[in-house]
Amino acid sequence: PTPENFDVDDGINQDIFDINEDLGLDLFEGDIRLDGVQERNS
Amino acid sequence: ITGERYRWSHTIPYVLDDSLEMNAKGVILDAFERYHLKTCIEFKPWAGEANYISVFKGSGCWSYVGNRHVGKQEISIGTNCDRIATVQHEFLHALGFWHEQSRSDRDDYVSIIWDRINSGKEHNFNTYNDQESDSLNVPYDYTSVMHYSKTAFQNGTEPTIVTKIPEFMDVIGQRLDFSDYDILKLNRLYNCSSSLSFMDSCNFELENVCGMIQSSADSADWQRVSQVPGGPENDYSNMGQCKGSGFFMHFDSSSVNVGATALLESRILYPKRGFQCLQFYLYNSGNEQDQLNIYIREYSAGNVNGTLTLVEEIKEIPIGSWKLYHVTLKVTNKFRVVFGGIRGSGSSSGGLSIDDVNLSETQCPHHVWHIKNFTQFIGSPNVNLYSPPFYSSKGYAFQIQLTLNNSTNVGIYFHLISGANDDQLQWPCPWQQATMTLLDQNSDIRQRMSNQRSITTDPSMISDNGNYFWDRPSKVGALAVFTNGTQFRRGVGFGTSAFITHERLQSRDFIKGNDVYILSTVEDISHLNSIQMEPIISSITDDLCTKVSCENDGICTVHNNKAECRCPSGEDWWYMGERCEKRGSTRDTIVIAASSAAAAFALMLIVTLVSVYYTRRKYRKKTSSNTTNMSPENQHAF
């Protein structure tokens, strides 16, 4: 049987930081890009 | 971020990269509309300015902080980032905002539970001192769209951030819309005093009734009251919660003859964009024959008294409850909005009342789903609500479903349904963006934090059973029945089960007077699909352009059956040459002009010096030959 609904969020309310973490990104404060190579705060 | 060098101008040039998902493109444009409504920051397509924001689909959702002056500054709106509040968040970074909990006074308001943070992620909870970051004298804001949620970077299930006021535990990290303090900070940072699209908001709490005037060309007046014996018992702004306040405007149809009119005119308004949306709440305690006419009094050079034009007649106004109305206006000259109450036939023991008027230069929602007595559905098992059938501007029939059967989250889904125009429509349904908004019914449109989600129909999307997902509902949909017994077919719903939590739904003014409003707009966004816009041209272009490569971001186009490079240019720079390989700038031109002038001067100087030299030499020769024939006396006399 065809499901009644298609859930684009797969039942989870993913925040910005969860999305980026799942992608393996290690951005500064989760979603900030800094100038240069190093993203993380030294 | 501290430092004027990080600021943008009030108008920010942007580019929506082709890599973006179609839904994301529409959501980004919606986010810009929220900026236009609540701030003085405007976004306009890039036209060669030196610095601009390029939004593209990268991995994840991210941005730089402030204007980095790098020319093309990127923001990534990747998969699952196509939500309006996420886009607002990333653009606030680009405008110079850090996260709210990194403020220097953070520890006064929240506790960071360090041992619950994922190992190595502690740096995400740093704070900045007031030399690096300025909170602009605005209080700490739990409701900010820039705040982390309580679960950010957690290593288990326990929260990493605990608010010192427990009521805010689930408020932090909400991504609804700009908070009041977000707006205050942004407007302070950029010295904003007005916005592009906001015009007026009036809840009639002040005695000056927002500068509205009673017309002299009518037979009755509107009155500012806080209750009417025949109803309503209280206003809509405060729902009677505050004694001594809570006013609205009332036209008493019971005290005038049939056909009597009362005109209430707004102050003079000056449009910028040429299209407006008027929203207000209306209550009828008179007769169903009473009606409200909306007029525009438009002023022009030739008519200083203004021309009154009827825009909409609102009839059959339900008796005994407040109801939200939207009226679309298209005014380009200075104007007033005029509310015209008209006494209909039949008995009346009350009249018409209006409250919470908002006027903005935005598009009105296409459809309004008014859910009455909403709280009865909360907590009931297996409650899923379907909206009445609506038609999009292109003619597609659709329904919205609100799922309330989950104990934590409320879901929202968009369904195509079989409709009267299906034979004339394109299937599978291409690039229609459905925007569904749970309205925060704050009386002031600028303070609303409505919850919004958009989905877009992708005609190539395939269901698990192999059908096109957005194919004709009569072909791929399931049988369903309207409450009047009419059968129809409903396609699979597309949306989210995590639209909003029950807790959030019962916050703010999402439920007001036990009523909920879901606003919906379905519009064709295929024009945002650059590939689909010109399919034939693009295929020819592709063929001829395969042999041509343009350098420096030049774009290959076909002109007179010949591939050519269109080179990028800015205010004071440009690329040129067959492949855009050469760079030019006004500075270069100045240098060339200055060098030429200097060379010409040098040449002239040399010629002059040589001339002087030879003239003097010749003269000396002549003089010396004369001297030999002269006596010393003569020489002295000379």
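All chains are named by letter (A, B, ...) in the order of the sequence lines, taking the proteins before the strands, and each is independently numbered beginning at 1.
Aromatic ring centres of B:His69 and B:Tyr6 lie farther apart than the 6.0 Å criterion allows. Aromatic ring centroids of B:His89 and B:His147 lie 6.0 Å or more apart.
For the pair A:Asp15 and B:Lys150, the salt-bridge criterion is not met [side-chain N within less than 4.0 Å of a carboxylate O].
Proximity to chain B is limited to the side chain of A:Glu21, based on heavy atoms less than 4.5 angstrom apart. Looking at B:Asn80, both its backbone and its side chain come within 4.5 Å of chain A, counting heavy atoms on both sides. Heavy-atom distances place no part of B:Phe125 under 4.5 Å from chain A, backbone and side chain included.
The candidate with the highest count of non-hydrogen atom pairs below 4.5 Å against chain A, out of B:Phe414, B:Tyr413, B:Phe153, B:Phe494, is B:Tyr413. Between chain B and the residues A:Leu23, A:Asp22, A:Ile16, A:Ile19, the largest count of heavy-atom pairs under 4.5 Å involves A:Ile16. Among the candidates B:Ser59, B:Ser102, B:Cys61, B:Gly60, the residue making the largest number of heavy-atom pairs closer than 4.5 Å to chain A is B:Cys61. Top candidate by heavy-atom pairs under 4.5 Å with chain A, chosen from B:Arg490, B:Glu74, B:His93, B:His99, is B:His99.
Side-chain atoms of B:Asn155 and B:Asn118 form no donor-acceptor pair, as typed in the model, at a separation below 3.5 Å. Side-chain atoms of B:Ser454 and B:Thr435 include a donor-acceptor pair closer than 3.5 Å.
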- Task: Take B:Gln433 and B:Val27 through the test side chain to side chain contact (heavy atoms under 4.5 Å, CB included) and record every step on the way to the result.
- Result: CA-CA 9 Å; B:Gln433 184 167 54; B:Val27 168; 4.0 Å; yes
